[in-house]
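Each residue takes its place number in the sequence, starting with 1.
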Amino acid sequence: MSGRLLPTGMDAALGPPEKMAELEEDLTPMMAQYYELCRQYDDALVLFQVGDFYEAFCEAAQRVARLCEITLTQREDSTGEYPMAGIPIDNAESYVETLLDAGYRVAIADQVEDPDEVSGVVERAVTRIVTPGTLTESELLGGADNNYVAALTAGERYGLALLDVSTGDCYATSVGSESAVVDELSRFGPAEAIVGPDVDVDRDAVFGPACLVTRYDADAFARERAEDRVGQYFGPAERLLAGDAEIRACGGLLAYAEYTRGSSGAVGPDGEPVDPDVDPAGTLDYLNHLTRYDPREYMLLDAVAVESLELFERRSVRGHENRTLVDTVDETACALGRRKLTDWLRRPLLDADRIEARHGAVAELQRDPATREALSGLLAEVYDLERLISRVSRGRANARDLRSLAATLSVVPDIRDQLADADARLLADLHATLDPLAETREEIEAAIRPDPPQQVTEGGVIREGYDEELDRLRSTEQSGKQWVDDLEASERERTGIDSLKVGHTSVHGYYIEVTNANLDSVPKDYQRRQTLKNSERYYTPELKEREDEILRAESAADDIEYDLFCAVRDEVADEAERVQALADRLARLDVLVSFAEVAAQYDYCRPTVGGDGIDITAGRHPVVERAEDAFVPNDTHLGSGPLRESDDRRASEGDTAIDGQREGEDAPAQDPFLAVVTGPNMSGKSTYMRQVALICLLAQAGGFVPAKAADLPILDRVFTRVGASDDIAGGRSTFMIEMTELATILDAATADSLVLLDEVGRGTSTADGLAIARAVTEHLHDEVGAYTLFATHHHDLTAVAAALPGATNRHFETSREDGDVRFDHELAPGPAAASYGVEVASMAGVPESVVARSRDLLADAETADTDVDEAGKSEAAGESETEATTDSDADSTVTETTVPTENGTAAASDGEATSDGHTQETLRTNGAAVEGELPESVAQQLASLDVATMTPIEAMNALADLQDRLE
């Protein structure tokens with residue numbers, strides 16, 4: 001087959017029909033054409049042009065009829081009857097979209113010869129293959145967002161290439177693990193992917209169930225062929241790409257893009273299929289820029305973070321439209337800006353200078369509303385240049401597309417004028433580099449009429465005065481038509497027939513119509529052309545001569561006009577690289593103007609970046625605040641962890657004094673970098689955590705942020721463990737997914753990462769869950785040092801946070817009014833007093849009988865806990881009094897017995913440091929100090945206690961047992 005996709009499964013609608021295969025030698029010429037195309041493109045559903053319809057036959061017809069809800073008919077010839085279903089060519093896009101949604105690729109087989117100029121069967125060839133990732137038709141793209149197809153190869157590293165055929169955007173990178181592939185794919189969200197022969201991954205897990213994934217022909221990924229193909233488009237592959245995997249991925253992807261143009265199915269003069277490696281007809285000339293990037297150059301947002309932060313899609317089907325981050329901050333005026341905004345949010349910067357340059361441009365535009373509004377108005381007149389030049393380069397642009405391009409170029413000088421006095425570096429650079437392509441615009445305006453027709457083969461496209469020969473032919477055509485227009489009046493006068501009419505049909509040409517009542521008055525030079533029920537139609541020799549003259553002039557003019565249009569289109573295509581560069585600059589300007597408009601309209605502030613902690617004053621959630629009548633802002637203060645990347649470097653260079661600390665001095669007080677956040681459901685914990693992440697992300701994307709002030713670090717990655725879901729088909733429970741996400745965080749987070757944990761350990765027992773939550777907290781504190789917000793209902797975890805020097809407790813305030821709970825949504829120091837779960841259940845509409853019973857059970861439990869606490873205090877007081885009397889001669893006094901403070905290590909009171917750096921006090925019991933002389937069995941039992949999960953009575957029993965052992 002000339003198609004290069006390897007079949008992935010049995011589908012009767014794909015490949016050559018079985019009935020035709022049995023009769024291959026006897027098929028009629030037309031059906032033989034269809035059979036051969038189905039054989040060549042056995043991975044796609046072939047739509048075969050027959051007149052004004054695209055037809056499918058046999059099993060493919062049955063599938064098309066069922067999916068598109070059209071009538072299934074029959075075609076009969078000398079070999080038998082075949083099921084047939086057809087879709088109108090003029091409205092094919094909507095039916096093709098239905099087939100794509102059903103998971104099919106669609107091969108469009110057009111007539112490539114003029115039926116009027118050939119005898120016998122018209123030749124047909126596949127002119128394009130429509131696939132989910134290579135759409136170029138605006139009707140199918142359905143919006144301004146990019147539509148990517150990806151290619152993946154494997155070797156020492158994974159090579160990943162992505163291409164938007166509709167815009168020409170092309171990216172390549174390489175990563176070291178399957179999880180990193182998932183992270184990169186989540187940035188772009190490709191609609192389709194091809195994989196090389198050496199790739200063995202879980203397709204649904206890596207690409208997602210919505211992505212059409214196919215294994216592509218190994219030859220396309222061969223190193224030599226891939227290197228040649230990359231060089232053909234972009235230049236020497238080894239200078240542009242890093243490593244074998246990237247070259248093979250990029251080369252294979254370009255081969256697939258060429259394949260979808262249909263060149264490998266086109267038929268040459270010798271009747272043989274055209275080889276795209278020999279004939280460049282399948283190349284995409286507008287692809288001229290390849291962006292090779294390193295994922296470490298941008299903040300990494302993995303698939304989990306993108307979903308949980310709702311950057312581009314709502315998580316819940318019950319959510320409201322336009323409630324994603326990109327929709328919230330989108331004030332762009334054109335499609336170019338919308339795509340660039342999405343790209344900036346997908347890949348926030350890590351370079352402080354580039355971030356500050358964007359902030360500087362936004363600040364200047366925010367301060368100058370007149371310039372901002374003028375630029376927004378001008379940018380609203382900008383058409384989608386990237387997709388326009390793509391259609392131009394592929395020979396699919398019509399005259400209206402060229403006029404749209406010219407209209408965009410006409411506003412570029414005015415945009416440059418608005419930027420003439422800009423001080424910000426980025427704005428000044430845009431002023432200097434915006435290319436108006438004046439010659440291209442002038443050529444289009446001189447050649448193409450202001451409001452041309454949709455079709456380019458039927459005339460009316462080229463302006464008068466552009467070509468002398470065309471003007472002569474048009475004049476002949478118009479004068480002939482004017483003679484025909486005047487003929488009716490002159491013939492009425494000559495014949496005396498007042499009802500005589502002169503008309504025209506596409507089948508019979510010009511005619512003179514006379515009703516039956518006036519046939520006696522018909523002159524002898526009238527020759528009958530057509531008989532109707534109530535009239536006769538005639539022509540005269542002079543009318544026939546004029547008709548031939550008009551038709552000759554019209555046909556010649558149409559041919560010349562089409563040739564002239566194609567010549568102009570080719571001239572524009574030659575400037576594709578300049579047009580794409582202009583499109584990129586207009587897109588960046590549009591995003592900067594959008595950021596400034598959002599900042600001015602919604603009171604965003606300019607953040608500072610590059611600090612050692614997250615310091616946000618009166619921060620707000622950018623999405624939620626738009627949806628609510630009132631929003632309560634909150635502060636965030638997280639210091640840097642114990643060892644950041646800069647500290648690592650200095651330590652490795654032998655500089656042991658960090659942040660002004662001198663050798664021998666006590667370590668300075670540390671600002672908490674880990675906050676345990678408690679409070680009832682609906683109090684705002686999840687919203688608060690997400691708002692911190694979104695503020696940091698917006699800042700690094702180059703935008704202002706919803707806060708009064710923000711001093712932020714440059715984050716390398718944002719991790720989220722938020723919400724609950726399961727994967728039943730994949731055999732993973734909610735708890736398993738939670739633990740998988742947690743493992744990724746603990747393995748990959750650094751001191752420059754932001755970690756959001758919204759509950760950990762909910763899918764297991766309380767004891768297990770609390771143990772995991774505590775261990776995670778300690779690990780993030782002791783080993784990672786990442787900026788961390790940990791929302792939890794494990795209130796015992798607050799004691800752990802209180803014991804860690806880099807941790808702090810925060811809670812959301814609640815208040816009671818007439819027995820009802822009110823959520824204040826204000827963050828305050830310290831842990832929450834209660835979870836108010838029963839109150840939330842009542843607010844949600846849980847039956848009152850259940851709520852009342854819950855309150856009774858909760859009150860009983862609280863009473864029991866109080867009784868145990870009182871009993872414990874009395875017993876402890878009695879024992880202390882007795883021991884004080886017995887040991888009245890001892891030098892030491894009785895102190896409270898301490899509990900394990902870190903990872904099960906017992907604390908003591910004399911201030912000695914333990915091996916893990918935590919303070920240890922001397923343990924005292926019965927008035928006698930025990931300094932490092934604990935019996936081994938006692939020490940082991942003490943170390944094994946998990947105080948955070950023990951009830952008060954369990955703790956008292958354990959302490960009593962330890963005392964007995966010591967005595």
Side-chain angles (χ1 to χ4, degrees), residues 308 634 672 674-692 719-726 733-739 741-742 745 755-781 788-804 807-816 820-844 846 850-851 853-855 857-862 864-865 946-952:
S308 62
N634 280 295
L674 185 154
V676 173
V677 183
T678 50
N681 290 305
M682 297 178 59
S683 61
K685 300 189 299 297
S686 295
T687 297
Y688 167 71
M689 292 198 304
R690 288 185 175 96
Q691 87 182 25
V692 173
F719 292 93
T720 61
R721 159 78 285 287
V722 178
S725 62
D726 56 24
S733 66
T734 300
F735 183 65
M736 186 62 185
I737 290 178
E738 178 184 327
M739 291 299 102
E741 294 174 358
L742 189 60
I745 294 171
V755 175
L756 307 182
L757 300 175
D758 189 358
E759 292 294 354
V760 169
R762 288 180 297 182
T764 185
S765 70
T766 302
D768 284 355
L770 179 56
I772 294 171
R774 174 173 177 172
V776 167
T777 303
E778 292 170 349
H779 182 84
L780 289 171
H781 180 275
T788 303
L789 294 172
F790 192 160
T792 183
H793 286 286
H794 289 306
H795 287 273
D796 291 338
L797 200 61
T798 60
V800 178
L804 298 174
T808 186
N809 281 301
R810 294 288 184 268
H811 74 280
F812 275 89
E813 296 275 31
T814 57
S815 56
R816 287 184 178 273
D820 295 328
V821 173
R822 186 187 70 189
F823 302 119
D824 299 328
H825 304 298
E826 293 182 2
L827 192 68
S835 291
Y836 297 101
V838 177
E839 285 74 9
V840 173
S842 177
M843 294 169 62
V846 172
V850 176
V851 171
R853 177 59 176 161
S854 299
R855 287 197 174 104
L857 293 172
L858 182 62
D860 292 343
E862 290 173 347
D865 287 343
D946 188 357
V947 177
T949 64
M950 299 173 69
T951 65

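- Contact annotation: the side chain of His781 never approaches that of Val800 to less than 4.5 Å [non-hydrogen atoms, C-beta and beyond].
- Rounded to the nearest 0.5 angstrom, Leu770 CG and Thr792 OG1 are separated by 8.0 Å.
- The side chain to side chain donor-acceptor pair (under 3.5 Å) search around Thr678 returns none, not counting sequence neighbours.
- In this structure a side-chain-to-backbone donor-acceptor pair under 3.5 Å is present from Arg690 to Ser308.
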Name every donor-acceptor pair, under 3.5 Å, that has one atom in a side chain of residues 824-832 and the other anywhere in the protein, sequence neighbours excluded.
unit_1: Asp824; atom_1: OD1; unit_2: Arg822; atom_2: NE; d: 2.9
unit_1: Asp824; atom_1: OD1; unit_2: Arg822; atom_2: NH2; d: 3.2
unit_1: His825; atom_1: ND1; unit_2: Ser683; atom_2: O; d: 2.8

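- The minimum heavy-atom distance linking Arg810 with Thr808 is given by the pair NH1-OG1, 2.8 Å.
- Across every non-hydrogen atom of Gly684 and Phe812, the tightest pair is O-CZ, 3.6 Å.
- Here the closest non-hydrogen pair linking Ala807 and Ala801 is CB-O, 3.5 Å.
- Within the 4.5 Å cutoff, the side chain of Val776 has no heavy atoms near those of the Ile745 side chain.
- Without hydrogens or angle criteria, Glu738 side chain to Arg721 main chain gives no donor-acceptor distance under 3.5 Å.
- To the nearest 0.5 Å, the span separating NE2 on His811 from NZ on Lys685 amounts to 12.0 Å.
- Looking at residues two or more places apart in sequence or on another chain, you find no side chain to side chain donor-acceptor pair (under 3.5 Å) involving Thr798.
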Run the side chain to side chain contact (heavy atoms under 4.5 Å, CB included) test on Leu804 and Leu674 for me, step by step, so that the C-alpha distance in whole Å, both residues' side-chain angles and the decisive distance to 0.1 Å come before the verdict. CA-CA 9 Å; Leu804 298 174; Leu674 185 154; 5.7 Å; no
Determine whether Leu780 and Leu757 satisfy the following criterion, side chain to side chain contact (heavy atoms under 4.5 Å, CB included), listing intermediate values before the conclusion. CA-CA 11 Å; Leu780 289 171; Leu757 300 175; 3.7 Å; yes
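- Across Val760 and His794, no two heavy atoms sit closer than the pair O-NE2, 3.6 Å.
- Shown here for His793 and Gly679, the closest heavy-atom pair between the two residues is CE1-O, 3.2 Å.
- With rounding to the nearest 0.5 Å, the separation of CZ in Phe719 from OG1 in Thr788 is 10.5 Å.
- Closest of all the heavy-atom pairs between Phe790 and Ala773 is CE1-O, 3.8 Å.
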